Participant: 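Here it is, the structure in full.
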Amino acid sequence: MYITWVAWLIFAGIMACMFFLAFFVAKHYFTKDKDQFEKFPFVVVVLALTITSLCVFLVPVDTFNVSTMTDPATGMLYPDLSIEGAASRGTVVKIMYYVLYGVLFVFAFGVVPFAYFFYEEGDSETTFRQRLRRSLLFTSFFLLFVLIILVVGLFFRPAPDDFSKKSASDWINRLFDTRNAGDGAILFCLAILTLVGLVIWCTYTAFGLAILPVKLLRFNGRSTMTDDEIQRQLIINREQARAIETKYDRSERRTRQDIKAYYQTRKRERELQAAADDRIQSGSKCEACWNEFMMPFRVVFGILSALFTLLLVISVVLTSLDKALNQWAGWMTDRPKIPNPIDITLVALAKVFPLDYVFLGILILYVFLASLVGFTHIGIRFLWIKLFSIKKHKSQPQGLLLMAALMMFVMLSLNVEFSTFAPQYTTFGSQVSFDYVNGTKSATATACSLTHITNETCIMTQLGTMYSRINLSMSFFGTVFFFSNFVFVAAVLGGIPIALCCCQKKRGGRSKSAGEDAAEEDAAMEENV
């Protein structure tokens with residue numbers, strides 16, 4: 001029997017590491033403009049990103065907790081562990097989930113909106129008291145939304161399909177079941193917010209998973225031209241553009257040939273300017289040598305990231321087909337009939353803790369990084385309207401606050417996706433069961449299933465219990481969770497050619513953000529060619 005405090009100690013260490021990672025991410029993206037930078041939004045972003053990651057890093061602790069309750073030789077609870085003791089250990093993990101979810105909800109609908117509006121209201125004519133009052137007023141609407149969801153969840157009890165007199169009576173009894181009403185409210189709120197997270201999961205994260213390997217494998221190296229050559233070419237391009245501009249009066253219409261030549265000249269000028277800016281920002285030759293030194297590692301990481309994306313897509317497809325073909329109840333199977341590579345790996349590694357923690361941690365960090373890349377390339381948008389850009393040292397505090405809130409929903413949806421990536425691992429861990437006939441144990445152990453659950457065998461994880469209850473008691477959410485997997489796969493596969501095109505366009509460097517207006521002007525001009 002393992003000592004469970006080891007898992008909690010590792011979790012505490014990860015908590016500290018994620019805080020420093022969140023600090024680095026915030027420092028990397030926050031603007032360096034002293035007029036726009038404020039400490040309060042920076043601290044909120046760091047704490048929000050830290051809390052976001054902890055909700056998913058608790059999953060291996062949950063799995064380790066149940067895996068160490070039963071003896072793999074018998075499939076039963078260890079002799080020195082009582083049923084009450086097993087339930088008590090599960091309750092500790094459940095409380096930790098609820099605490100982290102509660103803090104996440106408070107940050108997503110309280111602290112982050114307050115920081116956003118507090119920053120927005122800041123100007124030379126507004127006093128601190130006015131900023132505080134207005135920020136609290138706007139934030140109260142978000143808190144009211146969460147309160148409404150919780151109240152609805154307290155009384156939400158779906159009626160049975162066969163609504164007979166007896167079933168109506170049972171449903172009314174469940175409606176006023178105050179003992180489990182709190183759990184129901186939390187799960188209903190969790191399901192609602194997970195739907196929001198799945199939208200972001202199928203857009204930002206899916207595109208990030210598609211473009212990250214491409215970015216790493218297609219290295220945009222520094223220009224081989226010297227500084228003098230770059231400046232000389234810039235002068236030549238500007239003279240060519242000026243010659244075309246002065247060739248015509250304002251009333252004259254340019255020829256198609258001159259329009260095309262002018263567009264190509266402007267495009268080349270932006271590429272040269274980007275190369276010059278790159279040399280200024282990279283500075284010394286030491287940094288150039290460092291970039292050259294890191295090129296092989298970029299290739300290795302690019303190949304690994306491509307493999308991770310491929311594994312995620314394959315695992316989602318296989319598990320979704322399994323649920324569709326072998327449906328047991330509520331888009332669930334009693335046990336996976338079609339195994340997927342991630343689930344097989346995690347179940348095998350769970351027998352040698354903390355190897356499963358390491359593998360799952362790498363997977364979580366990869367999803368986290370891919371989501372950040374998705375936000376960097378897409379920006380913060382409302383439908384097709386771009387609100388904020390997420391760029392290195394150029395991101396406005398409002399944009400980063402929104403990104404932190406959206407990342408919370410992404411990681412919330414990742415908990416649901418764990419039941420697709422690794423259904424057996426996140427439900428039972430490495431537990432096995434044996435068939436007993438007249439007290440005689442069968443010789444072959446089988447993986448635990450939902451039909452083998454008792455108080456002494458096949459103990460479910462708290463994560464598996466929560467999302468099983470959502471699937472079975474709120475079938476609408478279970479259906480949306482299931483079909484969102486196909487949307488996710490389509491988004492990743494559809495994002496690959498888009499990612500290839502994006503990286504091809506941006507080989508000139510950071511010119512798009514620097515000369516966005518000129519690019520739009522040239523694009524409009526090109527349409528008229």
Side-chain angles (χ1 to χ4, degrees), residues 15-54 103-104 106-124 126 128 131-132 135 138-139 142 200 204-205 207-208 211-212 215 274 277-278 280-283 287 290-291 365 367-382 385-411 506 509-516:
M15 184 185 301
C17 293
M18 290 308 300
F19 175 81
F20 288 108
L21 177 61
F23 181 86
F24 173 78
V25 170
K27 196 73 175 176
H28 178 78
Y29 286 110
F30 250 91
T31 178
K32 287 188 173 182
D33 188 349
K34 294 182 180 180
D35 294 332
Q36 293 185 343
F37 180 83
E38 280 192 12
K39 292 182 179 179
F40 181 53
F42 180 84
V43 172
V44 170
V45 169
V46 172
L47 294 178
L49 292 177
T50 304
I51 294 166
T52 295
S53 57
L54 294 182
V103 174
L104 187 146
V106 169
F107 261 79
F109 293 96
V111 179
V112 171
F114 175 79
Y116 180 92
F117 293 118
F118 189 81
Y119 181 85
E120 279 283 316
E121 294 295 328
D123 56 56
S124 58
T126 306
F128 176 81
R131 292 178 68 183
L132 185 63
S135 303
F138 292 132
T139 305
F142 289 88
I200 307 164
Y204 288 99
T205 305
F207 183 71
I211 198 173
L212 182 56
K215 278 179 63 66
D277 293 343
D278 182 63
I280 293 173
Q281 292 186 12
S282 60
E287 188 163 347
W290 172 256
N291 290 333
L365 289 176
V367 171
F368 183 86
L369 180 60
S371 300
L372 288 177
V373 172
F375 283 112
T376 301
H377 281 264
I378 299 176
I380 305 299
R381 294 175 182 266
F382 178 73
I385 303 172
K386 191 170 186 178
L387 303 177
F388 300 100
S389 295
I390 306 298
K391 301 293 182 183
K392 178 182 177 182
H393 299 320
K394 296 180 181 179
S395 306
Q396 297 180 12
Q398 305 101 306
L400 288 175
L401 286 167
L402 289 176
M403 186 195 75
L406 295 178
M407 282 292 292
M408 288 183 170
F409 295 123
V410 169
M411 292 299 154
K506 295 184 180 182
R510 293 177 287 274
S511 57
K512 185 176 180 180
S513 59
E516 195 172 42

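Counting from 1, the numbers follow the sequence of the chain as shown. All values below come from the heavy atoms of this structure, side chains included, with hydrogens, waters and symmetry mates left out. The structure presented is a predicted model; accordingly, all values stated were derived computationally and were not measured.
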Participant: Run through I211, I378, T205 and flag the one making a side-chain contact (heavy atoms from CB on, under 4.5 Å) with V373.
Facilitator: I211
Participant: Shortest non-hydrogen contact from G399 to I380?
Facilitator: O-CG1, 3.8 Å
Participant: Which atoms form the tightest heavy-atom contact between A22 and T50, and what is the distance?
Facilitator: CB-OG1, 3.5 Å
Participant: Parallel, tilted or perpendicular for F142 and F109, by the 30°/60° rule?
Facilitator: tilted
Participant: Partners of F375 by ring-ring contact (aromatic ring centres under 6.0 Å, His included), sequence neighbours excluded?
Facilitator: Y204
Participant: Please assess L47 against V111 for the test side-chain contact (heavy atoms from CB on, under 4.5 Å), listing each intermediate value before the final yes or no.
Facilitator: CA-CA 10 Å; L47 294 178; V111 179; over 6 Å; no
Participant: Quick one: does H28's side chain have a donor or acceptor within less than 3.5 Å of a partner on H393's backbone?
Facilitator: no
Participant: Please report the interatomic distance OG1(T52) to CG(L104), rounded to the nearest 0.5 Å.
Facilitator: 5.5 Å
Participant: As an exercise, state the distance from NE2 of H377 to OG of S389, rounded to the nearest 0.5 Å.
Facilitator: 12.0 Å
Participant: Sequence neighbours left out, what passes ring-ring contact (aromatic ring centres under 6.0 Å, His included) with F42? Give chain and number order.
Facilitator: F23, F30, F37
Participant: What I'd like to find out is whether the side chain of L54 reaches to under 4.5 Å of the side chain of V103, using heavy atoms alone.
Facilitator: no
Participant: Taking the side chain as C-beta and beyond, is there a heavy-atom pair between Y116 and V44 under 4.5 Å?
Facilitator: no
Participant: Measure across T139 and G110 and return the closest heavy-atom pair with its distance rounded to 0.1 Å.
Facilitator: CG2-O, 3.3 Å
Participant: What pair of heavy atoms forms the shortest contact from A115 to L401, and how long is it?
Facilitator: C-CD1, 3.8 Å
Participant: Distance-only, no hydrogens or angles: does the S395 side chain make a donor-acceptor pair with backbone N or O of Y29 under 3.5 Å?
Facilitator: yes
Participant: Would you give the length of the straight line joining atom CG of L387 to atom CD of Q396, rounded to the nearest 0.5 angstrom?
Facilitator: 10.5 Å
Participant: Taking the side chain as every heavy atom from C-beta outward, state whether S371 and M407 have any pair of such atoms under 4.5 Å apart.
Facilitator: yes
Participant: For a quick test of reading the model, state the closest non-hydrogen atom pair linking A26 to V45 and the distance between them.
Facilitator: CB-CG1, 4.1 Å
Participant: As an exercise, state the distance from CG of L132 to CZ of F117, rounded to the nearest 0.5 Å.
Facilitator: 14.0 Å
Participant: Just wondering, are more than 12 heavy atoms of other shown residues or ligands nearer than 6.0 Å to CZ in F388?
Facilitator: yes
Participant: Apply ring-ring contact (aromatic ring centres under 6.0 Å, His included) to F20 and list each qualifying residue two or more places apart in sequence or on a separate chain.
Facilitator: none
Participant: As an exercise, state the distance from CG of L49 to CE of M403, rounded to the nearest 0.5 Å.
Facilitator: 5.5 Å
Participant: Could you tell me which non-hydrogen atom of F368 sits nearest to which non-hydrogen atom of V25, and how far apart they are?
Facilitator: CE2-CG2, 4.4 Å
Participant: CD1 of I200 to CZ of F409: how many Å apart, nearest 0.5 Å?
Facilitator: 6.5 Å
